[in-house]
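Note sheet for the following structure.
Just so you know, ligand 1 is whichever comes first in the structure, and atom 1 is the first atom listed for that ligand. If you read the sequence from its start, that first residue is 1, and numbering goes on from there. Just the heavy atoms: all of them, side chains too, but no hydrogens, waters or symmetry mates, feed the values below.
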Amino acid sequence: MNSIKVFSPASVSNVCCGFDVLGFSIDGFGDELFISESNSNKVNIIKVNGYEVPLSNEMNTASVAAQSMLDFLNINSGFDIEINKNIKPGSGIGSSAASAVGAVYGINELLGSPLKKQELLKFAMQGEFVSSKTAPADNVASSLYGGLILVNNRENYNVIELPVPKNLYAIIHHPLLEIKTSDSRDVLPKTVDLKIASEQLASIGGFIHSLHTGDFDLMRLILKDYLVENYRTEHVPFFKEIKNISESNKAICCSISGSGPSVFSFVKNYNEAIKLKSKYDEIYAKNSVEYNSYITGLDSKGVHSL
Ligand code: HSE
């Protein structure tokens with residue numbers, strides 16, 4: 001095999017209560033990468049279709065991630081990458097992460113899988129650092145593993161794949177506007193009040209318990225974000241309106257996806273997802289804002305070859 005086509009999914013990070021540590025992948029929506037061995041001795045981005053991202057090998061998240069992996073493996077081979085960039089940068093659904101993950105996964109496959117999935121993570125993160133110096137691993141781990149994950153941001157980036165109740169669905173709305181992660185992090189406080197930290201601990205602990213027990217009532221009660229949502233609400237167009245609709249329709253939760261401007265909700269079955277999605281659609285349509293929207297189960301596949 002000297003070429004491969006890879007699909008790497010978009011993802012929602014934070015998931016209400018897990019700032020920088022929780023994330024899930026979006027079923028069927030993501031970037032595609034065509035990777036082939038070349039005669040050069042480095043990773044080259046040869047073409048990007050779709051949304052605009054840097055073409056320079058030093059600035060593109062896919063080439064930086066892949067090159068760091070080859071350097072680690074001490075491999076001099078070259079690879080050409082063409083990207084179908086379907087995820088808009090600055091979307092809050094893991095655009096830079098998906099391309100970085102796709103590149104390291106694809107090249108690792110072409111090399112006969114010398115590295116395990118967990119080992120790919122730190123190289124994909126080298127790509128993330130090109131787009132944001134303080135990037136956490138939540139989107140990268142989600143694209144790599146699929147499903148719903150918990151990741152730490154220490155050197156080993158340990159990932160836990162969480163169980164997901166069968167009928168849990170997420171609705172994601174992505175207005176086609178751009179918010180840079182770094183700008184969205186700048187509005188956050190540098191320190192946290194102990195009372196707020198304690199609320200957040202109860203929220204994440206309760207959420208994880210509800211995943212194991214399939215208790216949607218507990219999930220609705222406990223799943224809240226005390227750490228970041230309030231600071232970002234004003235910057236995310238229509239979030240307040242969407243959240244009001246979610247609360248009046250008794251959705252399980254509604255929050256900002258990553259650093260915005262995308263937003264997401266959890267609901268307890270597919271029919272509810274369809275109904276609520278059309279109500280959210282109306283908000284964007286009424287305000288003449290272009291958007292994409294998705295419904296996904298929480299057990300979708302991570303990066304894979306096509
Ligand atoms: N979790 C990050 C944030 C975004 O909320 O700033 C994605 O890594």
(Q) Ring centres under 6.0 Å, that's the criterion: do Phe24 and Phe266 meet it? (A) yes
For Ser63, the side-chain hydrogen bond (donor to acceptor under 3.5 Å, both in side chains) test, sequence neighbours excluded, returns none
Residues passing the side-chain contact (heavy atoms from CB on, under 4.5 Å) test with Thr233, sequence neighbours excluded, are Glu229, Phe239, Lys240
For ligand 1, list all ligand N or O to protein N or O distances below 3.5 Å, rounded to 0.1 Å.
| from | atom 1 | to | atom 2 | distance (Å) |
| --- | --- | --- | --- | --- |
| ligand 1 | 1 (N) | Asn14 | OD1 | 2.8 |
| ligand 1 | 1 (N) | Asp20 | OD1 | 2.7 |
| ligand 1 | 1 (N) | Asp138 | OD2 | 2.7 |
| ligand 1 | 5 (O) | Asn14 | ND2 | 2.7 |
| ligand 1 | 5 (O) | Arg232 | NH1 | 2.8 |
| ligand 1 | 5 (O) | Arg232 | NH2 | 3.4 |
| ligand 1 | 6 (O) | Arg185 | NH1 | 2.6 |
| ligand 1 | 6 (O) | Arg232 | NH2 | 2.8 |
| ligand 1 | 8 (O) | Asp138 | OD1 | 2.7 |
| ligand 1 | 8 (O) | Asn139 | OD1 | 3.4 |

*Please confirm whether the backbone N or O of Val43 pairs with a side-chain atom of Gln67, one donor and one acceptor, at under 3.5 Å?*
yes
When you measure from the centre of the six-membered ring of Phe72, is the NZ or CZ of Lys122 closer than 6.0 Å and no more than 45° off the axis? yes
Sorted by chain and residue number, the side-chain hydrogen bond (donor to acceptor under 3.5 Å, both in side chains) partners of Asp183 (sequence neighbours excluded) come out as none
